[in-house]
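In what follows, a single structure is set out as structure tokens and then discussed.
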Amino acid sequence: MLQLQAIRDSKNDFITALKKRNIDGTPLLEKAIELDDKRRETQTQLDKTLAESNALSKEIGMLFKSGKAQEANVLKEKTGVLKEESKVLNDALATVAEELQTVLYQIPNIPHNSVPAGNTDEDNEEVFSEGDIPELVSNAMPHWELAKKYDIIDFELGVKITGAGFPVYKGKGARLQRALIAYFLDKNTEAGYTEIQVPHLVNEASGYGTGQLPDKEGQMYHVGEDDLYLIPTAEIPVTNLFRGEILKEEQFPICYTAYTPCFRREAGSYGAHVRGLNRLHQFDKVEIVRVEHPSKSFEALDGMVEHVKNILRELKLPYRVLRLCGGDLGFTSSLTYDFEVFSTAQDRWLEISSVSNFEAYQTNRLKLRYKDENGKSQLAHTLNGSSLALPRVLAGILENYQVEDGIEIPEVLIPYCGFSKID
RNA sequence: GGAGAAUUGGCAGAGUGGUCGAAUGCGGCAGUCUUGAAAACUGUUGAGGGUCACACCUCCGGGGGUUCGAAUCCCUCAUUCUCCGCCA
């Protein structure tokens, strides 16, 4: 959520920046300012009424104490009017505040200067690429065929017990998955991230805190009986650990990593691109989350990008890094780098990580602040990234590492797997 | 799931209808003293709105109510603790 003061100060810059998202921010920003004016005006009136009423109450108290009950009763009648007034004003204030909130929820984050304009993923800007695209055997297969051939992932079985998009991993497939999780967590821990385990269900307030609610309500599984949401990403529970906190500057940087399953309804997805592991309702992910001083957040973002590069380099997967264009940028993000692994067998790039700086957009909702050197509360910055999303890394490994008689295991994973080949 | 108790500032802990945004202690910060540190002493120390700055307003788990006036009374929800039951 944008800060009103920032909107007031930089309205025109924001409008220009929002054009990169193909959004005309003018009506919403102006509406926000207008409602804020109204809110302040109403608040001031209410405050005045309350002040008057408070003064009277005090006076009444004094009169009663000194035994002048009659005079007190005269004053009492006066307060009735004020009470009515303040009730009306209070309702008005609540209404305006809610309207303002609704408007603010509709405004996405302001894209960073470096974000290219554009509509679709076609307009994303490739900023880095590395790794050799392997030459595969002539009868190379996509991962869903490999999975069947070596009996390591069973999609039909998942359909039987749950539905489409809930695969069952078997034998070496399951072990490879577990190995990846352990490997990622180890890499992240080495890099200074503290490993934590968090709940996989969150309440409504957490959903609002990181921005999944109210706009992406339909993307999350909701447990109606208890009014809880299955997390679509560890970002929600991990970032919300700090909801409402006021940090000390010396606590920065805060770096956490967590493995969780992720649950996504993926309503509206279809077609060949959702085959196999490409798009699932439940998948595993290891996430990194940082809470940073505003002056350090972009430096931190670069650091996270380097960190993920490092992992992919070790896995020897061919990948590229994209700077997302305005149209492809997530609602709450200011700058996002996507990582994609090339799958030779599918002849396409698979998104395996997304690393973002949200600046103060989430922390404004979360009320996550720190005390600056003058002792004033300031909003912190939050960042997160996947390191990494399991299914597509798995797909990338299966497809890129296939040989005539099986699938080789990347060297760094062999100690984690306990085997060097799936066959 | 049943019965009882509790929820106050960073922490501990007073406060049971009026001058309480809240005693006191600890912690934090600043200063005095000291070569330096500790101790001691002095001052300061919740958040948000509002203002040029004050004033002023809101917040004592959340929400609602009673009252001229609520941290204090009532209702409700949540959470925590103790006992019982059940259980990986």
Side-chain angles (χ1 to χ4, degrees), chain A residues 1-9 32-101 103-104 197-209 213 222-229 237 240-252 254 261 291 360 362-380:
Chain A
M1 192 161 70
L2 298 177
Q3 294 162 267
L4 273 161
Q5 197 52 52
I7 295 177
R8 286 175 177 280
D9 293 343
I33 293 175
E34 185 193 315
L35 285 169
D36 189 45
D37 284 339
K38 203 168 153 195
R39 197 212 91 229
R40 286 191 201 193
E41 198 184 302
T42 315
Q43 177 87 59
T44 306
Q45 273 183 283
L46 175 63
D47 285 358
K48 267 190 200 159
T49 314
L50 289 175
E52 236 178 287
S53 164
N54 285 344
L56 274 179
S57 289
K58 258 182 197 170
E59 221 177 306
I60 290 169
M62 306 264 228
L63 287 172
F64 271 122
K65 265 198 174 159
S66 52
K68 297 174 184 165
Q70 217 164 11
E71 287 177 46
N73 283 325
V74 175
L75 287 183
K76 265 198 197 179
E77 281 170 34
K78 274 200 195 170
T79 59
V81 184
L82 290 174
K83 219 180 168 184
E84 276 306 308
E85 270 180 40
S86 64
K87 198 166 218 169
V88 172
L89 286 168
N90 205 6
D91 289 349
L93 182 64
T95 309
V96 180
E98 205 185 311
E99 281 173 3
L100 177 58
Q101 191 71 222
V103 170
L104 288 175
Q197 293 195 7
V198 290
H200 301 162
L201 276 79
V202 292
N203 57 29
E204 197 180 41
S206 294
Y208 275 95
L213 294 174
H222 182 229
V223 185
E225 184 84 2
D226 297 292
D227 198 17
L228 296 171
Y229 294 86
N240 271 282
L241 293 175
F242 299 96
R243 172 151 47 88
E245 297 288 315
I246 299 179
L247 304 167
K248 291 176 185 153
E249 267 185 284
E250 55 267 28
Q251 286 179 262
F252 295 126
I254 291 170
V291 182
Q362 290 183 327
T363 53
N364 191 210
R365 287 195 185 185
L366 291 160
K367 298 276 171 289
L368 199 190
R369 292 157 295 178
Y370 69 95
K371 289 275 188 203
D372 67 14
E373 65 271 24
N374 301 316
K376 287 191 72 176
S377 296
Q378 306 286 354
L379 293 175

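Heavy-atom basis, side chains included; hydrogens, waters and symmetry copies ignored. The model shown is predicted, which means the values in this text are computed figures rather than measured ones. The sequence lines fix the lettering, A, B, ..., with proteins before strands; numbering per chain opens at 1.
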Rounded off to whole Å, could you give me the CD-to-P distance for the Gln45(A) and A55(B) pair?
-> 22 Å
Report yes if some heavy atom in the side chain of Leu35(A) is under 4.5 Å from a heavy atom in the side chain of Glu98(A); otherwise report no.
-> no
Roughly, in whole Å, what's the span from CD in Gln3(A) to C1' in G48(B)?
-> 14 Å
Just how far, in rounded Å, is C1' of G49(B) from NZ of Lys367(A)?
-> 12 Å
All N/O contacts under 3.5 Å from nucleotides 74-77 of chain B to the protein, with atom names and distances to one decimal?
none

Rounded to the nearest angstrom, tell me the gap between atom CD in Gln251(A) and atom P in G10(B).
-> 13 Å
Kindly point out which of G49(B), U58(B), G48(B) is positioned nearest to the side chain of Leu50(A)?
-> U58(B)
Can you find a side chain N or O atom of Ser377(A) that sits less than 4.0 Å from OP1 or OP2 on G48(B)?
-> yes
Send over the distance from Tyr370(A) OH to G46(B) P, rounded to a whole Å.
-> 20 Å
Give a yes/no answer on whether the side chain of Asn54(A) brings an N or O atom under 4.0 Å of OP1 or OP2 in U58(B).
-> yes
Whole-Å distance, Leu82(A) CG to G69(B) P, equals 10 Å
Identified pairing partner of A37(B), criterion: Watson-Crick or G-U wobble below 3.5 Å = none
Counting only Watson-Crick or G-U wobble pairs whose two distances fall under 3.5 Å, which nucleotide matches G9(B)?
-> none
So, Asp47(A) versus Gln43(A): side-chain donor-acceptor pair below 3.5 Å or not?
-> yes
Does a side-chain N or O from Arg369(A) land closer than 4.0 Å to OP1 or OP2 of G48(B), or not?
-> yes
Verify side chain to side chain contact (heavy atoms under 4.5 Å, CB included) between Leu366(A) and Asn240(A), making sure each step is shown before the conclusion.
-> CA-CA 7 Å; Leu366(A) 291 160; Asn240(A) 271 282; 3.2 Å; yes
Look at Arg39(A) and G49(B) and indicate whether a side-chain polar atom (N or O) is within less than 4.0 Å of OP1 or OP2.
-> no
What nucleotide, of A47(B), C57(B), U51(B), holds the atom closest to the side chain of Arg40(A)?
-> U51(B)
For side chain to side chain contact (heavy atoms under 4.5 Å, CB included), just list the numbers for Val88(A) and Glu85(A), CA-CA rounded to whole Å, side-chain angles, deciding distance to a tenth of an Å, and then say yes or no.
-> CA-CA 5 Å; Val88(A) 172; Glu85(A) 270 180 40; 5.9 Å; no
Rounded to whole angstrom, note down the C1' distance from A14(B) over to G21(B).
-> 15 Å
Could you state the interatomic distance from CG (Leu104(A)) to CD (Glu99(A)), rounded to the nearest 0.5 Å?
-> 12.0 Å
Tell which nucleotide pairs with U82(B), taking only Watson-Crick or G-U wobble pairs whose two distances are both under 3.5 angstrom.
-> A3(B)
G25(B) to G9(B) separation - C1' atoms, rounded to the nearest Å = 14 Å
By the Watson-Crick or G-U definition, both distances under 3.5 Å, C29(B) is matched with G43(B)
Look at the side chain of Ala51(A) and decide which nucleotide, out of C68(B), A47(B), C56(B), has an atom nearest to it.
-> C56(B)
Say you draw a straight line from CG of Leu247(A) to CG of Leu368(A); how long is it, rounded to the nearest 0.5 Å?
-> 5.5 Å
How long is the span from the CD atom in Glu84(A) to the OG1 atom in Thr49(A), to the nearest 0.5 Å?
-> 12.0 Å
Checking N1-N3 plus N6-O4 or O6-N4 for Watson-Crick, or N1-O2 and O6-N3 for wobble, each under 3.5 Å, the partner of A88(B) is none
Take Asp36(A) and Leu100(A) through the side chain to side chain contact (heavy atoms under 4.5 Å, CB included) test and state the conclusion after the steps.
-> CA-CA 7 Å; Asp36(A) 189 45; Leu100(A) 177 58; 4.0 Å; yes
OP1 or OP2 of G69(B) under 4.0 Å from side-chain N/O of Lys83(A) = yes
Would you sort out whether Val96(A) and Arg40(A) count as a side chain to side chain contact (heavy atoms under 4.5 Å, CB included), showing the intermediate values?
-> CA-CA 10 Å; Val96(A) 180; Arg40(A) 286 191 201 193; over 6 Å; no
Straight-line distance of Ile60(A) CD1 to Lys58(A) NZ, nearest 0.5 Å | 13.0 Å
What does C60(B) pair with, Watson-Crick or G-U, if both distances are under 3.5 Å?
-> none
Roughly how far, to the nearest 0.5 Å, is the OG atom of Ser57(A) from the NZ atom of Lys76(A)?
-> 10.5 Å
How far does the P atom of A71(B) sit from the matching atom of A53(B), given to the nearest Å?
-> 28 Å
Whom does A22(B) pair with, Watson-Crick or G-U wobble, provided both distances fall under 3.5 Å?
-> none
Round to a whole Å and report the spacing from CG of Asp37(A) to P of G50(B).
-> 11 Å
Distance between P atoms of A47(B) and A70(B) (Å, rounded) | 25 Å
Just the table, please: protein N/O against nucleotides 17-20 of chain B N/O, every pair under 3.5 Å.
residue : atom : partner  : partner atom : Å
G18(B)  : N2   : Ser57(A) : O            : 2.8
U19(B)  : O4   : Lys65(A) : NZ           : 3.0

Pairing partner of C73(B), by Watson-Crick or G-U wobble and under 3.5 Å for both distances, is G65(B)
